[in-house]
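In what follows, a single structure is set out as structure tokens and then discussed.
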Amino acid sequence: MKKKSIFLLAGIATLYFNNAYAQETPQDSTRSASIEQVVITGNSNPKKKIESSTAISTFTAKEIQKQNPISAAALLQRVPGFAVETSGGEVGNNLFARGIPSAGAYEFVQVQEDGLPVFEDGALQFANADNFFRVDNSVSRLEALRGGSGSIFANNSPGGLINFITKEGGNEFRGTAKLETSTYGLMRTDVNLGGALVEDKLFFNVGGFYRTDDGIRKTGFKANQGGQIRMNLKYVFDKGYAKVYYKKLDDRNTFFLPIPLVRDGNDVKEFSGFDANYGTYSYRNISQLNIPQAGGGFFSRNLEDGIHPKVDVVGAEFKYDLGNNFSVLNKTRYTNINMNYTGIFPAGGPKTAAAFANSNGIAGNTFQYSLVSSGAVVNPAYVQELGFWAIDKQMNNFVNDLQFSYKFDKGNVTAGFYKSNWKSHQYWNWSNILTTATDRPELLNLVDTSLTPTSVGYSKTYNGVTDMTFLQRDTQTQGSLNDLYANLDYNVTDNLSLNAGIRYSHDYYKGNFVNTTTSNLNNSGLTTDGTHGFATTTADDNMSVLGNRYTYWNFNVDKVSFTVAANYKINPENAVYARFSNGFRSPNEEAYYNYFSNPTPDQPLKSVSTNQLEVGYKYYSRTFDIGVIPFYSTLKNLSFTDVFSDGTSENTFANTRNFGVELEGYARLFNNILELTFNGTIQNPKYKGLESASTLEGNVVRRMPKLYFNISPAVNITKEWRTYVSYNYYGKRFQDQTNQDTLPAFGEVGAGMSYQLGKIRFAVDGTNIFNTIGITEGDPRSPSIQAAGSTIIMARPIMGAAVRGSITLDF
């Protein structure tokens, strides 16, 4: 079905290429002239891109519409300097800025909505920032800043700022309605409306989406279902404006984790019984969990709930001209999040049936596997132990940013006070289950046939569960941030401008966690099957029990961040700039838990400090843009906090350094018939001072490609018809610090076309049209396995080929 759809797409594109002719400026050629684009992110006042001494990429609503990204992470792949892993699905993806390594998420950048954070910390455990944000037609534009002034205008953001700016109403009533479907059962509707309630005074905008689909990877259930709504009201008066807004997100998404693959040199192949492009362990047959607890009662979970955040946001923005060139701007927001997170995390890689049985205390070949669903005895070649991880998080964040500005003849100075209080309370309940090592997995039971059914330890499972609630965590983390900042822009001449900024962070973090003990169900009076007691199974032998003993902790941060820069405009189209910046990132949530739960920690708990130097050349015209930005960065006290399948954390520390070049370009050629966009990064991130492992000195930082880029040519076949091809290349990486396990380079091809019929736009977009098996990351919880002359690895490949079709009406 999918191959037919892809061939149809290619055939239609070829037909219209053969009918191409010279055109006027096409209606769907929406690239705004960068020479006129004004940016606000990372600047104290709006300024043209050519006058900004920052590395910043911008995307208008029309440009986002042309790309039609399948997720926020897919859109951010178009930003140089951002290495983005998109294999997790619509949410839960990872972004690394300028080679800064981490356990994942958005740890060194801040994701913002209208200049305030989506949530203050974008890398809390199982709470990636993109869990709480969706791209829809209510987004006016995206501004993505790398490095530079990020640490002056936000917290914990030395890697940059990602600012989604939402639409506001104007005097003219405008609206957009979009209907989208796909080859994987997608039905999505986007609507946005905006206009004036009182001309020149009172404006409104309301927009959102609702979507349901089966997922590109076959789960057997609705993989994604839910939506979002945003609305704002803005009142404009002589000396300023006041705006209030509200956002509601209630969306459910399946999170995709590593699957088994076979690596043969630089080639990656499918593991027998597992479709690399469409298969997943997250499948309907293993979706229900219902197990008794050592303290009484049952714990139930449904995998079909996936990552399910319920987000409510209310905010306000006020700007007022105080006179005498003084103005005040205040932004405030309250965010409340309740999220249930359920995912399948492989506990290592596949094992042969005999190897798994032997590792669980069954000697020789006296083991027997059977299907939980029917009881039928089976003889699988490989079996897989999977973590059934359930996490509940209650989070809230109140933030206020008060800013005063003064304009003078040669520039402006801005000073502000930023206050943010946030809280995260989470509960974990993890179990392990046993399945066939296939997509569409089946739950398995395992018994030792050398024993009788009434013998102690006869069964190694309880209805497919090998370890019942082996881990519980009940933790709370709070942050209270109190930051003063100032920024100066000074125009030495009409062409030379200087910038300097400083931020003082006086931040408090505190929390607690419940200490646990272990127990079992042997004396509970419960039975495994109505007849046999729990002494006959080992599945309950190490159950976690929450106690009444708490550990309380606190950690304070007093840090200064600063930046200095100069921008020289050679002429109206050419400019060069240079910037030095110093910033930091506070310890993350897992680092706090590791440190304060360890009676004798090996490493002091410190913030990560960064230094960055960048220079840049920018050329902007109405037909051609180019940006070339060499950069150099160093990090100290970087912590790695991947959580392993047994619930422990990696807890490794390192220093790193990186130098590289970011490239970004756009061209409109041959009387606007051909458009070409390009972004790419060349870098060389290395370890420096890796703790207790001097032999790794100089190794390439894990998961970081030295080269990655995206190139997308488009042809405006007629005034109405447009077609494009995109190629996304992700270079070779290493799975871990030893640089032994290689993740091969890959290239992903997408293609699409659109037709503009008046105010109606028809579009078809295909992703990974050649079904490339491209690995974005290895599994930190699983080393490679040698079996039958092959190397079995656990990794997350990109999604298989898919095609989406949409109809958009602008009115």
Side-chain angles (χ1 to χ4, degrees), residues 39-43 54-59 71-86 88 91-124 127-133 135 142-165 397 399 418 420 422 481 503 505 561 563 579 581-589 607-612 614 629 631 633 635 638-639 641 656 658 660 662 679 681 683 685 701 703-704 708:
V39 294
I40 61 175
T41 304
N43 295 285
T54 57
I56 192 165
S57 300
T58 58
F59 301 86
S71 65
L75 174 59
L76 293 169
Q77 280 185 315
R78 301 299 183 98
V79 179
F82 286 172
V84 185
E85 298 175 344
T86 61
V91 301
N93 293 297
N94 304 315
L95 182 147
F96 308 102
R98 290 186 167 175
I100 301 176
S102 72
Y106 293 71
E107 188 169 355
F108 289 89
V109 300
Q110 187 178 92
V111 180
Q112 296 182 335
E113 196 172 12
D114 295 319
L116 290 178
V118 171
F119 195 86
E120 184 64 52
D121 193 321
L124 297 179
N128 297 22
D130 64 348
N131 289 352
F132 314 124
F133 181 87
V135 177
L142 163 66
E143 297 182 354
L145 170 79
R146 286 94 65 198
S149 57
S151 292
I152 308 305
F153 290 94
N155 289 87
N156 297 324
S157 56
L161 299 176
I162 300 167
N163 189 13
F164 290 92
I165 300 166
N397 184 195
V399 59
Y418 181 87
S420 179
W422 64 269
L481 284 60
R503 187 182 187 98
S505 299
S561 304
T563 185
R579 178 179 291 274
S581 57
N582 169 274
F584 74 95
R585 155 82 213 198
S586 298
N588 61 32
E589 195 172 26
S607 297
V608 182
S609 60
T610 68
N611 287 304
Q612 296 184 68
E614 60 188 89
I629 304 172
F631 65 89
S633 65
L635 285 87
L638 179 66
S639 64
T641 54
T656 69
N658 186 24
E662 298 169 353
N679 74 79
T681 305
Q683 60 181 359
V701 170
R703 291 168 69 172
M704 293 296 151
Y708 55 97

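Everything quoted here is computed from the prediction, not taken from an experiment.
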[X] [atom1] to [Y] [atom2] distance, which is reported to the nearest 0.5 Å:
X: Glu107; Y: Ser157; atom1: CD; atom2: OG; value: 12.5 Å
X: Glu143; Y: Thr58; atom1: CD; atom2: OG1; value: 7.0 Å
X: Asn582; Y: Ser561; atom1: CG; atom2: OG; value: 6.0 Å
X: Leu142; Y: Ile165; atom1: CG; atom2: CD1; value: 8.0 Å
X: Ser151; Y: Arg503; atom1: OG; atom2: CZ; value: 9.0 Å

(request) Write out all pairs satisfying salt bridge (charged side-chain N to carboxylate O under 4.0 Å, His left out) with one or both partners inside residues 153-164, taking only residues at least two apart or from two chains. (result) none
(message) Whether Arg146 and Glu614 form a salt bridge (side-chain N of Lys/Arg under 4.0 Å from carboxylate O of Asp/Glu) is what I want to check.
(response) no
(request) Would you please classify the geometry between the Trp422 ring and the Phe119 ring as parallel, tilted or perpendicular, with 30° and 60° separating the classes? (result)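 Plane angle over 60°, so perpendicular.
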(message) Keeping Ser149 on the side-chain end and Ile152 on the backbone end, is there a donor-acceptor pair under 3.5 Å?
(response) no
(request) Examine distances only and state if a side-chain atom of Ser633 and a backbone atom of Asn611 form a donor-acceptor pair shorter than 3.5 Å. (result)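 A pair under 3.5 Å: no.
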Side chains of [X] and [Y] in contact at under 4.5 Å (non-hydrogen atoms):
X: Ile162; Y: Gln112; result: no
X: Phe584; Y: Ser505; result: yes
X: Tyr708; Y: Gln683; result: yes
X: Phe164; Y: Leu75; result: yes
X: Leu95; Y: Phe108; result: no
X: Phe96; Y: Ser102; result: yes
X: Thr41; Y: Ile56; result: yes
X: Val91; Y: Asn93; result: no

(request) Begin with the C-alpha distance, continue with both residues' side-chain angles, and end with the deciding distance and a verdict on side chain to side chain contact (heavy atoms under 4.5 Å, CB included) for Arg703 and Asn94. (result) CA-CA 11 Å; Arg703 291 168 69 172; Asn94 304 315; 3.1 Å; yes
(message) For Gln110, run the side chain to side chain contact (heavy atoms under 4.5 Å, CB included) check against Asn156, Leu145, Val118, Leu161 and tell me which one passes.
(response)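 Among Asn156, Leu145, Val118, Leu161, the one that satisfies the side chain to side chain contact (heavy atoms under 4.5 Å, CB included) with Gln110 is Leu161.
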(message) With side chain to side chain contact (heavy atoms under 4.5 Å, CB included) as the test, pick out the partner of Ser420 among Leu481, Asn155, Asp121, Leu116.
(response) Leu481
(message) For Arg585 and Ser607, which I'm curious about, is there any donor-acceptor pair between the side chains at under 3.5 Å?
(response)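 Judged by distance alone, the side chains do not pair up.
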Nearest heavy-atom pair of [X] and [Y]: which atoms, and what distance?
X: Pro101; Y: Thr656; value: CG-CG2, 4.1 Å
X: Ala129; Y: Val111; value: CB-CG2, 3.7 Å
X: Thr563; Y: Ser581; value: OG1-CB, 3.6 Å
X: Pro685; Y: Gly99; value: CB-O, 4.0 Å
X: Ala97; Y: Val109; value: CB-CG1, 3.7 Å
X: Ala55; Y: Glu662; value: CB-OE1, 4.1 Å

(message) Checking Phe133 against Glu113 for the side chain to side chain contact (heavy atoms under 4.5 Å, CB included) test, could you report, in this order, the C-alpha distance in whole Å, the side-chain angles of both residues, the deciding distance, and whether it holds?
(response) CA-CA 9 Å; Phe133 181 87; Glu113 196 172 12; 3.7 Å; yes
(message) Do Arg98 and Phe631 form a cation-pi contact, if we require the NZ or CZ to be under 6.0 Å from the six-membered ring centre and within 45 degrees of the ring's axis?
(response)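 Yes, Arg98 lies over the aromatic ring of Phe631.
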